[in-house]
Amino acid sequence: MTTAPIETGHVQQRRILATAIPGPRSQLLHERKLSAVSAGVGTGLPVYVERAGGGILVDVDGNHLIDFGSGIAVTTVGNSAPRVVEAVKSQVEDFTHTCFMVTPYEEYVAVCERLNALTPGDGQKRSALFNSGSEAVENAIKIARVFTGRTAIITFEHAYHGRTNLTMALTAKNMPYKQGFGPFAGEIYRVPSPYPYRWPTGVDRCAEQAFDDFVAQVHIQVGEQNTAAVIIEPIQGEGGFIVPPAGYLKAIADWCAQNGILFIADEIQSGFCRTGDWFACDHEGVVPDLITTAKGIAGGLPLAAVTGRADVMDSVHGGGLGGTYGGNPVACAAALAAIEIMETEDLCGRAREIEALFMPRLRELAEKFAVIGDIRGRGAMIAVELVAGGGDKTPNPALTAAINTYCHSQGVVTLTAGTFGNVLRFLPPLSAGDDLLSEGLDILERAFVLNA
Ligand code: PLZ
């Protein structure tokens with residue numbers, strides 16, 4: 001039996017393989033998918049889910065899979081967390097939509113109050129709510145441009161900020177996100193990412209040189225006076241869980257402040273207890289001017305936000321921000337419940353426990369398998385980067401895919417990431433118990449034994 005730290009609903013917290021993965025019912029559904037859904041929408045593991053809770057996904061064939069992905073860092077409080085379900089049911093019975101821009105409601109205001117209080121910094125803040133992470137990022141850029149009267153935006157190598165036109169321009173990786181979808185939004189400039197493991201002159205020089213490069217390139221290519229904002233993921237997500245060296249984020253934020261440039265932290269993947277703090281910026285004492293959030297905020301319902309300095313957020317003309325569904329009351333009710341769970345169950349502490357469980361196991365693996373070039377991340381946002389091995393850092397996407405596929409076949413839903421497709425990332429729900437997580441790690445270990 002698993003010791004689940006928080007309520008997990010009615011899903012048995014055990015891995016059960018009832019059929020091959022994917023099973024016959026999933027395969028039938030997948031055939032329907034192929035003839036009904038655009039080929040442009042991919043699926044990492046075509047098991048069709050019927051129920052989920054705690055650390056388990058149950059598929060239509062009765063397989064119970066261990067969830068190491070949380071639907072890409074969304075179900076931090078667990079799937080269908082009982083308190084979220086209650087809040088949603090009650091809100092659905094009251095009303096489902098009015099459009100906040102037409103006739104407002106308390107839930108939207110309450111979510112903004114919570115965001116203003118929980119995000120880094122003690123100053124006066126304001127928030128605005130949207131539907132997706134990409135939309136939040138787009139709006140953060142709009143707000144930064146209005147406030148500064150400048151247009152240029154600085155983004156990083158390995159960055160991921162979304163799939164809409166402006167956010168594709170911010171995103172670094174061409175395949176699959178950008179290929180053929182241009183032209184992209186203008187006035188976006190890309191600078192080197194502080195990637196310690198791959199920094200050409202070595203990890204020790206990364207913080208200082210990456211910062212110097214940043215300053216030089218903004219000055220030479222863009223001009224500080226033209227730059228509205230720098231947008232950065234405090235831990236790069238899709239790019240491969242790249243953790244900048246200590247002090248780097250603070251140096252960039254301070255430099256931004258000196259130059260009248262806004263510092264935007266995209267905490268869509270790293271926020272809401274995922275890294276062992278409410279937000280990854282907290283770890284370094286960095287206070288962004290604007291912060292974008294989504295994913296973990298609402299226990300699986302679609303909600304996103306921009307939160308930031310009141311003077312910046314209020315610089316936008318009335319009616320300049322909005323959208324039909326932004327801050328939908330059902331999503332807001334879910335967010336209020338999810339945030340309450342994070343607080344009362346100390347999910348930041350739980351994320352740190354998960355780090356303490358994963359890290360030693362991964363270090364042991366790295367001692368046995370030279371193909372593990374790097375282990376990194378914080379809290380329950382952890383990754384291993386796979387390389388050729390023996391001092392050769394050539395990315396190893398083939399092995400990464402093989403290990404991922406093996407884990408899937410054994411009922412562990414792992415995810416890959418990384419510009420070079422050679423990163424296995426672990427984002428378990430914080431509601432998953434230690435036994436389940438350990439079992440998932442046992443299977444990961446077997447995947448290395450069989451494939452590496
Ligand atoms: N910013 C930091 O991680 C979404 C993308 C999955 P949306 N990451 C998962 C995929 O392949 O589409 C993300 C993120 C960061 C922005 C976003 C975008 O958030 O809610 O997917 O729009």
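Values reported hereafter were calculated over all heavy atoms of this structure, with side chains retained and with hydrogens, waters and symmetry mates removed. Small disclaimer: the values here were computed from a predicted structure and weren't measured.
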F184 ring centre to K178 NZ or CZ under 6.0 Å, with the angle to the axis within 45°?
-> yes

Y48 and H30: side chain donor to acceptor below 3.5 Å | yes

Aromatic centroids of Y325 and F130 separated by under 6.0 Å | no

So, does N131 use its side chain to make a donor-acceptor pair with the main chain of P302 at under 3.5 Å?
-> no

Expected output: side-chain T119 to main-chain L115 donor-acceptor under 3.5 Å = yes

Step by step, would you call F241 with F426 a ring-ring contact (aromatic ring centres under 6.0 Å, His included)?
-> CA-CA 10 Å; F241 287 19; F426 310 110; 8.6 Å; no

Ring centre gap for F358 and F68 strictly below 6.0 Å = yes

Report yes or no: do Q236 and S193 form a side-chain donor-acceptor pair below 3.5 Å?
-> yes

Answer yes or no: is there a donor N or O on one side and an acceptor on the other, between the side chain of Q13 and the main chain of G55, under 3.5 Å?
-> yes

Do side-chain atoms of E355 reach the backbone of G379 as a donor and acceptor pair under 3.5 angstrom?
-> yes

Hey, mind stepping through T19 and N63 against side chain to side chain donor-acceptor pair (under 3.5 Å) and telling me if it holds?
-> CA-CA 7 Å; T19 67; N63 296 298; 2.9 Å; yes

Taking the six-membered ring of Y197, is the NZ or CZ of K393 close enough (under 6.0 Å from the centre) and on axis enough (within 45°)?
-> yes

Would you please name every residue forming a salt bridge (charged side-chain N to carboxylate O under 4.0 Å, His left out) with R378, sequence neighbours left out?
-> none

Residue E106 excluded, over 12 heavy atoms near CD under 6.0 Å | no

May I ask you to decide if F95's main-chain N or O and Q91's side chain share a donor-acceptor pair within less than 3.5 Å?
-> yes

Does Y248 have its ring centroid less than 6.0 Å away from the ring centroid of F214?
-> no

For N165 and A185, indicate whether the former's side chain and the latter's backbone hold a donor-acceptor pair under 3.5 Å.
-> yes

Is the backbone N or O of T414 less than 3.5 Å from a side-chain atom of H408, with the two atoms forming a donor-acceptor pair by type?
-> yes

With a 4.5 Å heavy-atom cut-off, do F448 and K368 have their side chains touching?
-> no

Where the side chain of R425 meets the backbone of T416, is there a donor-acceptor pair that is under 3.5 Å apart?
-> yes

Got P24 and D61 here, is their nearest side-chain heavy-atom distance under 4.5 Å?
-> yes

Heavy-atom side-chain proximity of R198 to P395 below 4.5 angstrom | yes

Under the 3.5 angstrom rule, does the side chain of D289 hit a backbone N or O of F263 as a donor-acceptor pair?
-> yes

